[in-house]
Amino acid sequence: MRFDAAARRVTAGDRELDLRNTEFRLLRFFMTHAQRTFSRRQLLDAVWGEQTFVEERTVDVHVRRLRRALQPTGHDAVVETVRGVGFRFRPDTAAPATPALSSAVLDLARHHKGRARAAIAAQSFGVA
């Protein structure tokens, strides 16, 4: 994933991500403070500003939106929920750049859905 603050662009692979202003600022903060866990209050102060008076659960809404924007490129897991504390950015949890299944299997699964699952299962167990 590439983050260009000056151009206000985030790209993953060959795909540009469309982020709202708050999600962009949230991602920038997370990326500049990787591996550190922040409470909702700390995120509100850092991203929204100390003079902003909004509910702490507002952070949850924007984290959800950020994850949704990152999902198509497999980067939604980089924003991790730390139960009882807040959130942390873990760039090491991004999906691998190459799919685990071959493209032939993926094409087969797309076109034949149920039959493909049965065929793959039969091949896995040596059934003809």
Side-chain angles (χ1 to χ4, degrees):
M1 186 166 39
R2 294 180 189 259
F3 187 93
D4 185 351
R8 203 196 169 286
R9 293 178 65 178
V10 179
T11 55
D14 60 346
R15 189 174 192 166
E16 185 171 345
L17 303 177
D18 184 30
L19 297 177
R20 296 176 179 184
N21 192 40
T22 303
E23 286 76 34
F24 182 84
R25 291 191 332 257
L26 185 61
L27 180 60
R28 178 173 54 183
F29 181 78
F30 275 135
M31 290 181 82
T32 57
H33 299 86
Q35 304 295 346
R36 289 185 52 199
T37 302
F38 294 94
S39 69
R40 288 172 179 83
R41 174 55 43 203
Q42 290 171 316
L43 289 170
L44 281 172
D45 290 346
V47 177
W48 281 261
E50 292 181 17
Q51 302 303 321
T52 303
F53 301 101
V54 294
E55 293 291 322
E56 288 185 6
R57 290 298 181 171
T58 299
V59 174
D60 295 12
V61 172
H62 290 281
V63 165
R64 184 172 44 247
R65 287 180 183 165
L66 177 59
R67 285 179 177 150
R68 194 175 300 141
L70 296 173
Q71 190 174 17
T73 62
H75 289 86
D76 53 314
V78 298
V79 180
E80 180 181 63
T81 300
V82 180
R83 189 176 173 143
V85 180
F87 301 96
R88 120 176 95 212
F89 183 76
R90 301 234 356 238
D92 56 327
T93 58
T98 56
L101 296 174
S102 71
S103 61
V105 172
L106 291 174
D107 288 342
L108 180 66
R110 255 185 242 120
H111 293 303
H112 299 288
K113 294 185 182 176
R115 284 187 278 167
R117 285 187 209 126
I120 291 169
Q123 289 175 359
S124 297
F125 293 104
V127 178

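For reference, positions follow the sequence shown, starting with 1.
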Extract all donor-acceptor atom pairs below 3.5 Å that involve side chains of residues 22-33 and protein atoms in other chains or at least two apart in sequence.
from: E23; atom 1: OE2; to: H62; atom 2: ND1; distance (Å): 2.5
from: R25; atom 1: NE; to: V47; atom 2: O; distance (Å): 3.3
from: R25; atom 1: NH2; to: V47; atom 2: O; distance (Å): 3.3
from: T32; atom 1: OG1; to: R28; atom 2: O; distance (Å): 3.0
from: T32; atom 1: OG1; to: F29; atom 2: O; distance (Å): 3.0
from: H33; atom 1: ND1; to: F29; atom 2: O; distance (Å): 2.9

Begin from the C-alpha positions of E16 and R9 and carry the test side-chain contact (heavy atoms from CB on, under 4.5 Å) through to its verdict.
-> CA-CA 7 Å; E16 185 171 345; R9 293 178 65 178; 3.2 Å; yes
Given side chains that start at C-beta, do those of [X] and [Y] come closer than 4.5 Å, heavy atoms only?
X: T73; Y: M1; result: no
X: E56; Y: L44; result: yes
X: Q35; Y: R90; result: yes
X: V85; Y: F38; result: no
X: L70; Y: L17; result: yes

Take F87 and V82, measure what side-chain contact (heavy atoms from CB on, under 4.5 Å) needs, and give me the verdict at the end.
-> CA-CA 5 Å; F87 301 96; V82 180; over 6 Å; no
Under the side-chain hydrogen bond (donor to acceptor under 3.5 Å, both in side chains) test, residues paired with T81 that sit two or more places apart =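 Partners of T81 by the side-chain hydrogen bond (donor to acceptor under 3.5 Å, both in side chains) criterion, ordered by chain and then number, come out as R67.
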What do the steps show when you test R64 against D60 for salt bridge (charged side-chain N to carboxylate O under 4.0 Å, His left out), and what is the final call?
-> CA-CA 6 Å; R64 184 172 44 247; D60 295 12; over 6 Å; no
Might you point out which heavy atoms bring V54 and R41 nearest each other, and give the distance in Å?
->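 Residues V54 and R41, closest heavy atoms: O-NH2, 4.0 Å.
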Salt-bridge contact R8-D4 (side-chain N to carboxylate O under 4.0 Å) |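 No, this pair does not count.
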Enclosure of D18 CG (heavy-atom neighbours >12, cutoff 6.0 Å) |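 Counting other residues, nucleotides and ligands, CG of D18 stays at 12 neighbours or fewer.
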